[in-house]
Amino acid sequence: MDGLDLIKTFREVAFRRSFSRAALSLGMSKATVSRYVAELEERSGVRLLNRSTRSLSLTDAGEMLLERSAQLVAMAESTLHDLQAHGALPRGRLRISAPHGLIAGWLSDVIAQFMRRYPDVYVSLVFTNDAVDLIAEGIDIHLTGGRIDDLNLIVRRLAQFDLVVCASPAYWAKRGMPKTPEDMSQHDVLSFSAMPTTHLPFETAGRQYEVAVRSRMEANDPLALIELALRGAGVACVPEPLVQSHLERGALVPVLREHMRSDHWVYAAYSQRRHNSAAMRAMLEFLEQSAASASSLVQ
């Protein structure tokens, strides 16, 4: 039995001067209360109570323990209360990892709104396209656009998004717009090195397939591909939320819309082994709610 629980049981007996009344107050049996006090006496090596058939009194050692344990018990209960409050209210540090480029779209709005709503939460963002060991790297939530097959992780599907094939008006004017997915083999493609983008994914009449293309360059950050596409260097195939503003103002022009797949999702993953703090639970709920209402991600 935990030493603090033994002391709290002893204090109840001392205050009530009765094992029976202490047991009733603590919701224990009289035998359990008696055993706890006896265990405390055995651990301390001194008698704490004088017992008789009609009365119960404290020894000198018992008096000393009763007096000195008051602050200890009060501090322990205060600390427990603070811990419970910490678990109930979102606060503390929250570490989130995500692929490069995600901050340019929906996630930046989510983080900004979350920070305003929960000012006691400190958000730490880590951007990487590499595999992430959540436990070793202290990651609370990992966001990704790819499948997660790690059975030790809990995965939530957040929001659907489209890929878009796009280039600048100047590029299309010079090279011509593709009329079919197969025409993409004649174009200069700017490749995302984290994916096998020497083939572009398409879907026609419910049939999914890939078209081999010529890659002129590659980068591990989709924002770099977008910047190069804006300058007429080639064609980028990137998540639509990342280029939404460029599409709206005509700086990039999409093609082959009717042939793009619609099975791309943003996922949130977190470890079953990490304690789910209130901040983590709040962020997961916030991500789900924001993703459900974000018109930039949902078809």
Side-chain angles (χ1 to χ4, degrees), residues 98-110 125 127-130 143-147 158-267 291 294-299:
H100 288 293
L102 192 58
I103 194 64
W106 161 75
L107 183 60
S108 58
D109 292 332
V110 172
L125 292 175
F127 291 99
T128 177
N129 292 325
D130 298 330
L143 302 176
T144 179
R147 287 177 53 88
L158 295 178
Q160 194 171 9
F161 66 91
D162 289 335
L163 290 178
V164 61
V165 174
C166 58
S168 68
Y171 177 90
W172 292 133
K174 180 180 179 180
R175 301 292 297 273
M177 287 189 174
K179 295 182 172 57
T180 68
E182 287 73 20
D183 291 343
M184 283 302 303
S185 62
Q186 306 302 314
H187 286 272
D188 298 334
V189 174
L190 310 173
S191 298
F192 184 39
S193 57
M195 300 176 62
T197 46
T198 52
H199 290 72
L200 294 184
F202 293 101
E203 181 175 336
T204 301
R207 181 178 68 88
Q208 294 187 352
Y209 57 98
E210 295 182 340
V211 172
V213 296
R214 181 178 60 181
S215 175
R216 284 295 310 278
M217 62 82 64
E218 67 177 32
N220 68 349
D221 189 336
L223 295 184
L225 306 181
I226 294 169
E227 289 299 321
L228 287 166
L230 287 167
R231 290 161 175 76
V235 183
C237 180
V238 293
E240 184 170 351
L242 302 186
V243 293
Q244 189 66 44
S245 62
H246 301 306
L247 298 177
E248 291 174 351
R249 63 187 179 88
L252 292 175
V253 178
V255 295
L256 305 173
R257 287 271 202 183
E258 67 277 15
H259 297 284
M260 301 308 297
R261 295 183 185 178
S262 58
D263 58 350
H264 305 286
W265 289 83
V266 174
Y267 299 90
S295 60
S296 64
L297 277 179
V298 182
Q299 291 185 324

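- Remark: the backbone N or O of Phe202 is paired with a side-chain donor or acceptor of Arg261 at under 3.5 angstrom.
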Inset, instruction - Just do the side-chain contact (heavy atoms from CB on, under 4.5 Å) check on Asp188 and Met217 with the steps written out, would you? - result: CA-CA 9 Å; Asp188 298 334; Met217 62 82 64; over 6 Å; no
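- Of the inter-residue distances, the one linking Glu182 atom CD with Met184 atom CE reads 11.0 Å to the nearest 0.5 angstrom.
- The two residues Leu256 and Pro178 come nearest to each other via the heavy atoms CD2-O, 3.8 Å.
- Of the inter-residue distances, the one linking Leu143 atom CG with Tyr267 atom OH reads 13.0 Å to the nearest 0.5 angstrom.
- Between Trp172 and His187, the ring planes are perpendicular. Angles over 60° get that label, and only those under 30° would be called parallel.
- Of all non-hydrogen atoms in Gly232 and Tyr171, the two that sit nearest each other are O-CD1, 3.8 Å.
- No donor-acceptor distance shorter than 3.5 angstrom exists from the side chain of Tyr209 to the backbone of Thr204, with no hydrogens or angles considered.
- Closest of all the heavy-atom pairs between Glu240 and Val164 is CA-CG1, 3.8 Å.
- By the 4.5 Å heavy-atom criterion applied to side chains, Cys237 and Val165 are counted as neighbours.
- Rounded to the nearest 0.5 angstrom, Ser168 OG and Lys174 NZ are separated by 10.0 Å.
- Of all non-hydrogen atoms in Ser191 and Ser215, the two that sit nearest each other are OG-OG, 2.6 Å.
- Counting heavy atoms from C-beta outward, Val266 and Phe161 have side chains that approach closer than 4.5 Å.
- The list of side chain to side chain donor-acceptor pair (under 3.5 Å) pairs with a residue in residues 228-237, not counting sequence neighbours, reads Glu227-Arg231.
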Inset, instruction - Take Ile226 and Leu252 through the side-chain contact (heavy atoms from CB on, under 4.5 Å) test and state the conclusion after the steps. - result: CA-CA 9 Å; Ile226 294 169; Leu252 292 175; 4.2 Å; yes
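- In this structure, Arg207 has no side chain to side chain donor-acceptor pair (under 3.5 Å) partners at least two apart in sequence or on a different chain.
- With contacts defined as side-chain heavy-atom distances shorter than 4.5 Å, the pair Cys166/Val253 does not qualify.
- Across every non-hydrogen atom of Ala233 and Leu190, the tightest pair is O-CD2, 4.0 Å.
- Nearest heavy atom pair, residue Ala212 against residue Ser185, reads O-CB, 3.5 Å.
- Looking at heavy atoms from C-beta onward, Phe127 lies out of side-chain contact with Asp221 at the 4.5 angstrom threshold.
- Annotation for Arg214: atom CZ counts as buried by contact number, over 12 foreign heavy atoms lying within 6.0 Å.
- One finds the CG atom of Leu225 at 9.0 Å from the CG atom of Asn220 (value rounded to the nearest 0.5 Å).
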Legend entry - Stepwise side-chain contact (heavy atoms from CB on, under 4.5 Å) check, Met260 with Asp162: CA-CA 7 Å; Met260 301 308 297; Asp162 289 335; 5.8 Å; no
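- For the side-chain contact (heavy atoms from CB on, under 4.5 Å) test, residues two or more places apart in sequence or in another chain that qualify with Thr128 are Asp130, Val132.
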Inset, instruction - Applying side-chain contact (heavy atoms from CB on, under 4.5 Å), run through Val255 and Val235 and close with a yes or a no. - result: CA-CA 10 Å; Val255 295; Val235 183; 5.6 Å; no
